[in-house]
There are 2 protein chains.
Amino acid sequence: MKISELAIASNVPAKTIRYYEQVGLLKPARRNDNGYRQYRIKDIDTLVFIRRCRELNIAIGDIKQLLDAQQNPNASCAFIDDMIAKQLNRIQQTQRELAILEKTLSALATSCANHKIEDCSILHHLKSN
Amino acid sequence: MKISELAIASNVPAKTIRYYEQVGLLKPARRNDNGYRQYRIKDIDTLVFIRRCRELNIAIGDIKQLLDAQQNPNASCAFIDDMIAKQLNRIQQTQRELAILEKTLSALATSCANHKIEDCSILHHLKSN
DNA sequence: TCTTGACCTTCCAGTGACTGTAAGCTTTAG
DNA sequence: CTAAAGCTTACAGTCACTGGAAGGTCAAGA
């Protein structure tokens, strides 16, 4: 399978696949005679796994750990627990911050259309709270 | 006023003030004989304004527009309206995405402590949804 | 006067996770 | 045979800073 085929199968851009290889998330692909990367079915699974993790906003470094972990079935998985918990905390914190942000912007978002800059209530509020 | 004094007065690191000048958010500061940047009281206001906008997650390019606008008091301020609305939409979209993310991670966050990798329910779910 | 330390300057690199672009080789279709 | 598509690498750009190095300036204390 060539990189573009893997890209379609995994729904990850070829460019991004090369990037994942570059940062060590994927092992360097085998090359065939012309130097093109050669992939296997298994690589689709890996990429889908990575993409799923990325959708959950798990950092590349953490995904690397998750992939490594799968090579040692007998190791403890406590750190995976921690990773997900940490992630959850981060998201909840962001949610709280966004809620405040939304409130502030909602208050700001009064219509200024047809007004002049010097009368703009939004600018006024931004300048002196 | 030297840059460190402005930094304290505006609560913006000196490093960041130089950065703002570099990207054109602040006009190049006047220099005194030794080459040090020389600031005025007015510059505190500008930086506080910038910081307030940044806290609302308004991009530097957009802040530049807001600052430019204040130079033309007679121009229309309709675009400011648009900018805030755009911002609000973005935040609300992010909030929706984070809500889904939180739900997914909450479902994942079952305790795996003391288990082995091969039994890890989190990994299991990440691998095949 | 000398020295020490704090502060200033510029410039370059790094962050995270890609994305864009350019130059050059290979393959494929007409 | 040629043109287009696809592959390769390498470097730059994104965003908003932040860190660090190398060197100039200044004020205070011995």
Side-chain angles (χ1 to χ4, degrees), chain A residues 1-39 43 46-67 83 86-87 90-91 94 97 101, chain B residues 1-39 43 46-67 83 86-87 90-91 94 97 101:
Chain A
M1 194 171 16
K2 283 190 288 185
I3 197 165
S4 65
E5 296 169 298
L6 177 60
I8 289 163
S10 63
N11 204 28
V12 175
K15 186 97 201 180
T16 305
I17 296 173
R18 290 193 201 97
Y19 168 74
Y20 285 160
E21 181 180 308
Q22 186 197 319
V23 297
L25 201 47
L26 296 175
K27 288 177 200 146
R30 282 186 311 168
R31 306 299 182 108
N32 58 19
D33 294 346
N34 54 20
Y36 288 14
R37 286 173 180 80
Q38 196 57 241
Y39 293 99
D43 297 312
T46 306
L47 271 171
V48 168
F49 177 82
I50 291 172
R51 193 51 27 152
R52 196 167 284 145
C53 290
R54 288 294 303 127
E55 275 164 15
L56 298 179
N57 241 333
I58 298 175
I60 283 187
D62 288 347
I63 298 175
K64 215 179 287 190
Q65 278 192 282
L66 291 176
L67 287 170
M83 187 182 296
K86 215 177 56 189
Q87 204 64 28
R90 214 180 43 73
I91 285 167
T94 306
E97 283 164 11
L101 207 54
Chain B
M1 195 173 11
K2 282 191 289 185
I3 196 165
S4 65
E5 296 169 296
L6 177 60
I8 289 164
S10 63
N11 204 28
V12 175
K15 189 99 199 179
T16 305
I17 297 174
R18 289 192 202 98
Y19 167 75
Y20 285 160
E21 181 180 308
Q22 187 196 321
V23 298
L25 201 47
L26 297 176
K27 288 177 200 146
R30 282 186 312 167
R31 306 300 182 106
N32 56 20
D33 293 347
N34 53 20
Y36 289 13
R37 286 173 180 81
Q38 196 55 243
Y39 294 99
D43 297 312
T46 306
L47 271 172
V48 168
F49 176 82
I50 291 172
R51 192 52 26 154
R52 196 167 285 145
C53 289
R54 288 293 306 127
E55 275 164 15
L56 298 178
N57 240 333
I58 298 175
I60 283 187
D62 287 347
I63 299 175
K64 215 179 289 190
Q65 279 192 283
L66 291 175
L67 287 171
M83 187 183 295
K86 214 178 56 189
Q87 206 62 30
R90 213 181 42 72
I91 285 167
T94 306
E97 283 163 11
L101 206 54

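Quick note on labels: first sequence line is chain A, next is B, and so on, each numbered from 1.
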Non-hydrogen side-chain atoms of A:Thr16 and A:Arg51 separated by less than 4.5 Å: yes
Base versus backbone protein contacts along nucleotides 14-25 of chain D [heavy-atom cut-off under 4.0 Å; B, S, -]: --BBBBB---BB
Non-hydrogen side-chain atoms of A:Glu5 and A:Ile8 separated by less than 4.5 Å: no
Residue among A:Asp43, A:Thr46, A:Leu67 satisfying side chain to side chain contact (heavy atoms under 4.5 Å, CB included) with A:Leu26: A:Thr46
Spacing of SG belonging to B:Cys53 relative to CD belonging to B:Gln65, to within rounding of 0.5 Å: 11.5 Å
A:Asp33 CG - C:dT27 C1' separation (whole Å): 14 Å
Rounded distance (Å) that lies between atom P of C:dA13 and atom CZ of B:Arg18: 19 Å
Rounded distance (nearest 0.5 Å) linking atom CD1 of A:Ile3 with atom CZ of A:Arg37: 5.0 Å
Interatomic distance, A:Ile3 CD1 vs C:dT26 P [rounded to whole Å]: 18 Å
Results of salt bridge (Lys or Arg N to Asp or Glu O under 4.0 Å) for A:Arg31 - residues two or more places apart only: A:Glu21
Atom-pair distance (OH on A:Tyr39; P on D:dC7), nearest Å: 10 Å
Atom pair OG/CZ of B:Ser10 and B:Phe49 - distance to nearest 0.5 Å: 14.5 Å
side-chain N/O A:Arg31 vs D:dT9 OP1/OP2, d < 4.0 Å: yes
Distance, rounded to the nearest Å, where A:Leu6 contributes CG and D:dT8 contributes C1': 16 Å
Spatial distance of atom CG (B:Leu47) from atom CG (B:Leu6) [nearest 0.5 Å]: 5.0 Å
Atom pair distance, as rounded to whole Å: CZ in A:Arg90 and P in C:dG16: 12 Å
Atom-to-atom span, NZ of A:Lys2 to P of D:dA5 - whole angstrom: 14 Å
Presence of B:Arg37 side-chain N/O under 4.0 Å of C:dC8 phosphate oxygens OP1/OP2: no
Presence of B:Ser4 side-chain N/O under 4.0 Å of C:dC8 phosphate oxygens OP1/OP2: yes
Between CD1 on residue B:Ile63 and CE on residue B:Met83, distance to nearest 0.5 Å: 9.0 Å
Axis-to-axis angle between the two ends of the helix from C:dT1-D:dA30 to C:dG30-D:dC1 (five base pairs per end, rounded to 10 degrees): 30°
Spacing of B:Gln38 atom CD relative to C:dT9 atom P, expressed in whole Å: 10 Å
